[in-house]
Structures are given as C-alpha cells and as structure tokens.
S.K.: 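Right, I'll just put the structure down here and ask away after.
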There are 2 protein chains.
Amino acid sequence: MHGRGPWWREKFDQHCVRITAAREIVVNILHETDEHLSASDIYMKAHAISPEIGLTTIYRTLELLEQMRIVQKFDFGDGQARFELLNNPGGKGHHHHLICVKCKKIIDYKDFIDEEINCLGKTQDFLSQKYNFQINDHLVSFYGLCENCRGGER
Amino acid sequence: MHGRGPWWREKFDQHCVRITAAREIVVNILHETDEHLSASDIYMKAHAISPEIGLTTIYRTLELLEQMRIVQKFDFGDGQARFELLNNPGGKGHHHHLICVKCKKIIDYKDFIDEEINCLGKTQDFLSQKYNFQINDHLVSFYGLCENCRGGER
DNA sequence: TTTAAAATGAAAATGGTTTTCATTATTATA
DNA sequence: TATAATAATGAAAACCATTTTCATTTTAAA
C-alpha cells in the first residue's frame with residue numbers, strides 16, 4: 001500500500017507491539033499460503049525456517065495478531081483452530097467460505113463477491129450506527145454438502 | 001409449521017435417529033433460550049431437569065444435532081464451543097452476529113436482514129450451481145469494537 | 001418375549017491451548 | 001556506550017474442553 005515496509009508494520013506500531021523475528025516469520029508464513037493453517041502447521045513451517053522458535057511463541061503470536069485484526073481465527077470443526085491473514089473486505093485477498101458439513105472441505109470463493117460486499121457494506125453502515133460499533137471486518141460462510149457428499153447423507 | 005409434533009422430529013426420522021428423553025431435553029433447552037449456550041451450560045440446565053443425564057450425552061447429542069443441521073456450533077473465541085438452534089435463513093429466529101473482538105460481547109441482530117438475505121440468496125444460488133454444492137444455511141458475522149471498548153484499544 | 005442395535009453414564013484418556021517461570025533480547029534513559 | 005526497565009521467549013507443566021472406552025441399560029424390530 002505505502003512505500004516503507006509491509007502493511008502490517010503500522011498495525012504493530014499502533015498497538016505498541018514489537019516486531020520480532022518470530023512474529024515476522026509467522027506473518028510471512030500466513031502471507032505465503034492460501035491454506036487454512038493450524039497453529040502446529042505454522043509451528044512446523046516456522047521451525048523449518050528457524051528451529052529455535054517454540055510452539056508457545058506461535059500461539060502467543062497468533063493471539064496477538066488476532067487482537068490486532070491482522071489475522072482471523074477460524075473453527076472449522078476439526079478440533080484445532082485455523083488461521084488466515086485478514087485482508088480488507090473488498091481487498092484483493094478477501095474471500096468467503098463454502099463449507100461441507102460432512103467431509104469438512106472448505107472452498108474459498110471470491111465469485112459474486114462484489115454484490116455481496118456492496119450489500120454487506122450497507123448492512124455494516126446501518127449496524128455501526130444503530131449499535132455504535134466500530135466494525136472492522138466480517139465473515140461469511142455457507143454450509144452444506146459438497147459434490148461428493150451429496151446423496152449419502154449420514 | 002405442520003400439525004403433528006415439533007418440526008425437528010422429522011429431521012430425526014430422516015436421519016434414522018431415535019428420539020430419546022435426553023435429546024428432547026437438549027432441543028427444548030436450546031429452543032427456550034436466546035443465549036449462546038456452551039455444552040456445560042446445557043448440561044447444567046439439563047441436569048436440573050433430569051439429574052441422571054451425563055455430560056457425555058450432552059456432547060454426543062450436540063454433535064448429532066449439528067450433523068442433522070438442527071444446531072449450529074460456534075466458536076466465539078472463549079475456549080468453549082457454543083450452540084444455537086439453527087433456524088431457516090429467512091425464518092423467524094434467523095439472525096446474524098455482531099462481535100466485539102475485545103470484550104467478546106455478541107449482539108444478535110435481525111435488522112436489515114431482509115436485504116441481506118435477499119443478496120445472500122442470490123449468492124447462494126450462484127454458488128450451489130458453480131460448485132455443485134447443496135447449501136443449507138449460512139453464517140454472517142461482523143467483527144469490531146463495541147461502544148464500551150472503543151477508544152482504549154488493546 | 002427374544003434379539004439385535006442404539007443410547008447412555010462414569011471414568012479415563014486425549015490433545016490443543018495456556019500458564020509458569022527462569023532466561024534472553026529489546027528499548028529507553030542516563 | 002552502560003544501565004535499568006520492559007517485553008519477548010522456550011521448555012515444561014498445567015489446564016480443561018472434548019472424546020473414547022467399556023460395561024450397562026434402553027429401545028425398536030422380529
């Protein structure tokens with residue numbers, strides 16, 4: 001967006017949070033993947049880069065990033081939290097989810113998102129006023145059965 | 001909706017799942033609340049009605065209800081799953097969420113929902129076709145800071 | 001009834017996540 | 001620079017929501 005340094009640096013500044021090697025590595029890992037990584041997924045990737053990083057730090061970093069709204073934490077129902085970099089709604093990487101309740105497959109979709117964003121934007125304006133909320137982002141997920149799981153339900 | 005018995009009975013039939021006292025109690029507890037109950041919340045309420053019901057059964061029942069799409073499981077980030085009866089999108093009880101990322105307060109809103117549902121409906125049609133998905137329901141949540149938590153972020 | 005399948009409770013195990021605590025690194029200040 | 005104050009870290013232990021095990025009971029079917 002701006003010239004100097006990655007976009008998330010200014011969020012660190014705003015929150016008076018130090019930019020450390022470990023934190024940089026975690027953000028980069030999330031930046032480079034399009035998967036929904038769990039804490040231990042991230043730990044393993046980080047460990048490959050810098051073996052002295054502990055799992056505890058991964059958890060702590062993720063919690064921090066979540067609080068700063070740099071990262072969104074998800075529960076897709078498989079027993080461990082998963083994390084995604086949080087892009088601006090309307091921004092390039094922003095997407096919504098299509099989740100199969102049977103096999104837990106997740107499709108990230110961006111189709112049709114313009115109309116959705118437009119409509120959600122109006123909703124957001126309405127809600128922020130009515131409830132005096134500062135809304136930063138949103139989450140939209142559709143649940144159902146994927147191609148493979150249809151016809152043999154339960 | 002129909003005359004004979006609660007609406008969820010036919011879902012049990014469809015899935016060949018027995019209607020037991022414990023299961024009936026759990027559904028009723030969820031039906032009578034407008035809160036987001038955790039498994040142990042439900043356990044305590046159930047226990048007050050029928051003390052022999054075990055926590056294990058509560059968990060098992062909730063999982064079953066989730067699979068049958070009678071109940072939606074949520075992770076609001078406080079370390080335990082929370083459960084809501086799943087009403088038809090567009091139906092009376094259907095709502096979306098407004099979540100404060102700081103104090104974790106959750107507002108269930110129904111305002112503006114007609115426009116949203118309308119737009120989401122179009123999206124849903126588009127997605128089911130494109131990805132050959134049978135979409136049953138959806139989840140919409142806005143994240144931000146509530147009235148009280150603004151101005152003192154982090 | 002009788003039998004097979006499903007549901008249940010109590011206790012134990014699991015495993016993702018958090019805490020604790022001693023150590024190290026970073027920033028601010030003199 | 002030194003130096004002090006604060007923040008970040010790793011390893012191990014603790015935590016605690018959720019699952020599994022297993023013996024028993026309940027339910028539906030024949």
Side-chain angles (χ1 to χ4, degrees), chain A residues 8-9 11-27 29 36-68 70-83 104 154, chain B residues 5 8-27 29 36-68 70-83 104 154:
Chain A
W8 45 266
R9 283 182 184 270
K11 288 229 175 190
F12 275 69
D13 289 348
Q14 281 167 22
H15 292 264
C16 301
V17 165
R18 293 179 183 170
I19 297 172
T20 66
R23 289 169 182 176
E24 215 152 2
I25 287 171
V26 170
V27 176
I29 287 171
H36 308 90
L37 302 179
S38 67
S40 70
D41 289 339
I42 294 167
Y43 170 64
M44 286 184 294
K45 281 175 187 283
H47 196 262
I49 295 167
S50 182
E52 71 276 9
I53 296 178
L55 181 55
T56 312
T57 299
I58 302 294
Y59 275 105
R60 279 192 284 231
T61 300
L62 288 170
E63 193 190 340
L64 204 61
L65 294 173
E66 197 197 352
Q67 278 180 32
M68 293 190 287
I70 292 175
V71 152
Q72 169 75 47
K73 182 181 183 182
F74 291 94
D75 173 20
F76 290 123
D78 65 339
Q80 56 194 331
R82 293 180 176 277
F83 301 86
K104 314 280 187 189
R154 191 189 139 83
Chain B
W8 45 266
R9 284 184 183 268
E10 79 183 72
K11 287 229 178 193
F12 275 70
D13 289 347
Q14 280 167 25
H15 291 264
C16 303
V17 165
R18 292 179 184 170
I19 297 172
T20 67
R23 289 171 182 173
E24 217 153 358
I25 286 171
V26 171
V27 175
I29 287 171
H36 308 90
L37 302 179
S38 68
S40 69
D41 290 340
I42 295 167
Y43 170 64
M44 287 185 293
K45 281 175 187 282
H47 195 262
I49 296 169
S50 180
E52 71 277 9
I53 295 178
L55 181 56
T56 312
T57 299
I58 302 295
Y59 275 106
R60 279 191 284 229
T61 300
L62 288 169
E63 193 190 341
L64 204 61
L65 294 173
E66 196 197 353
Q67 278 180 32
M68 292 190 287
I70 292 174
V71 152
Q72 171 74 47
K73 183 182 182 182
F74 291 94
D75 173 21
F76 291 122
D78 67 339
Q80 55 193 331
R82 294 181 176 276
F83 302 84
K104 313 279 185 188
R154 192 194 136 80

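Only a predicted model underlies this, so the values are computations on that prediction, with no experimental measurement involved. Naming: A, B, ... by sequence-line order, numbering from 1 per chain.
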S.K.: Please check if the side chain of A/S40 supplies one atom and the backbone of A/Y43 the other of a donor-acceptor pair under 3.5 Å.
M.R.: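 No: the side chain of A/S40 does not pair with the backbone of A/Y43.
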
S.K.: Please compare A/A81 and B/I58 by the position of their nearest nucleotide in DNA chain C and report the one closer to 5'.
M.R.: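 That would be B/I58.
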
S.K.: Would you indicate what B/T56 reaches in the nucleic acid, counting non-hydrogen atoms under 4.0 angstrom: base, sugar-phosphate, or nothing?
M.R.: base

S.K.: Which nucleotide in the list C/dT20, D/dT18, C/dA6 gets nearest to the side chain of A/R60?
M.R.: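 The closest nucleotide is C/dT20.
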
S.K.: Which whole-number value in Å describes the distance from A/I53 CD1 to C/dT24 P?
M.R.: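 Answer to the nearest Å: 18 Å.
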
S.K.: Check whether any side-chain nitrogen or oxygen of B/T20 sits under 4.0 Å from OP1 or OP2 of C/dT8, and answer yes or no.
M.R.: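 Affirmative; the distance criterion is met.
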
S.K.: Whole Å only: how far is the CG atom of A/D75 from the P atom of D/dA17?
M.R.: 15 Å

S.K.: Grab the NE2-C1' distance between B/H15 and C/dA6 for me, whole Å please.
M.R.: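 For the pair B/H15 NE2 and C/dA6 C1', the rounded distance is 17 Å.
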
S.K.: Would you mind reading off the distance between A/Y43 atom OH and C/dT17 atom P, rounded to a whole angstrom?
M.R.: 15 Å

S.K.: What's the spacing between A/L37 CG and A/I29 CD1 if we round to 0.5 Å?
M.R.: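 Atom-to-atom, A/L37:CG and A/I29:CD1 are 8.0 Å apart.
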
S.K.: Hey, what do you get for CZ (A/F12) to CG (A/L65), rounding to the nearest 0.5 Å?
M.R.: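 Between A/F12 CZ and A/L65 CG, I get 5.0 Å after rounding to 0.5 Å.
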
S.K.: Pick base, sugar-phosphate or nothing for A/R23, based on heavy-atom distances below 4.0 Å to the nucleic acid.
M.R.: sugar-phosphate

S.K.: Could you tell me the separation between the CD1 atom of B/I25 and the P atom of C/dA7, rounded to a whole number of Å?
M.R.: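 To the nearest whole Å, that distance equals 16 Å.
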
S.K.: Mind checking the CD-NE2 spacing from B/E10 to B/H15? Nearest 0.5 Å is all I need.
M.R.: 10.0 Å

S.K.: To the nearest angstrom, how far is B/E63 atom CD from C/dA7 atom P?
M.R.: 12 Å

S.K.: Can you tell me how far P of D/dA14 sits from CG of A/L55, to the nearest Å?
M.R.: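 Whole-Å distance recorded here is 18 Å.
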
S.K.: Indicate yes or no: does B/D41 engage B/R82 in a salt bridge with an N to O separation below 4.0 Å.
M.R.: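 Yes.
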
S.K.: Given C/dG16, D/dT26, D/dA8, which nucleotide is nearest the side-chain atoms of B/R18?
M.R.: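 That would be D/dT26.
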
S.K.: When the distance from CG of B/L64 to C1' of D/dT19 is rounded to whole Å, what number comes out?
M.R.: 15 Å

S.K.: Judged by each residue's nearest nucleotide on DNA chain D, which is more toward the 5′ side, B/I19 or B/R82?
M.R.: B/R82

S.K.: Within the pair B/Y59 and D/dT18, is there a side-chain N or O less than 4.0 Å away from OP1 or OP2?
M.R.: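 Answer yes for this pair, as a side-chain N or O of B/Y59 is under 4.0 Å from OP1 or OP2.
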
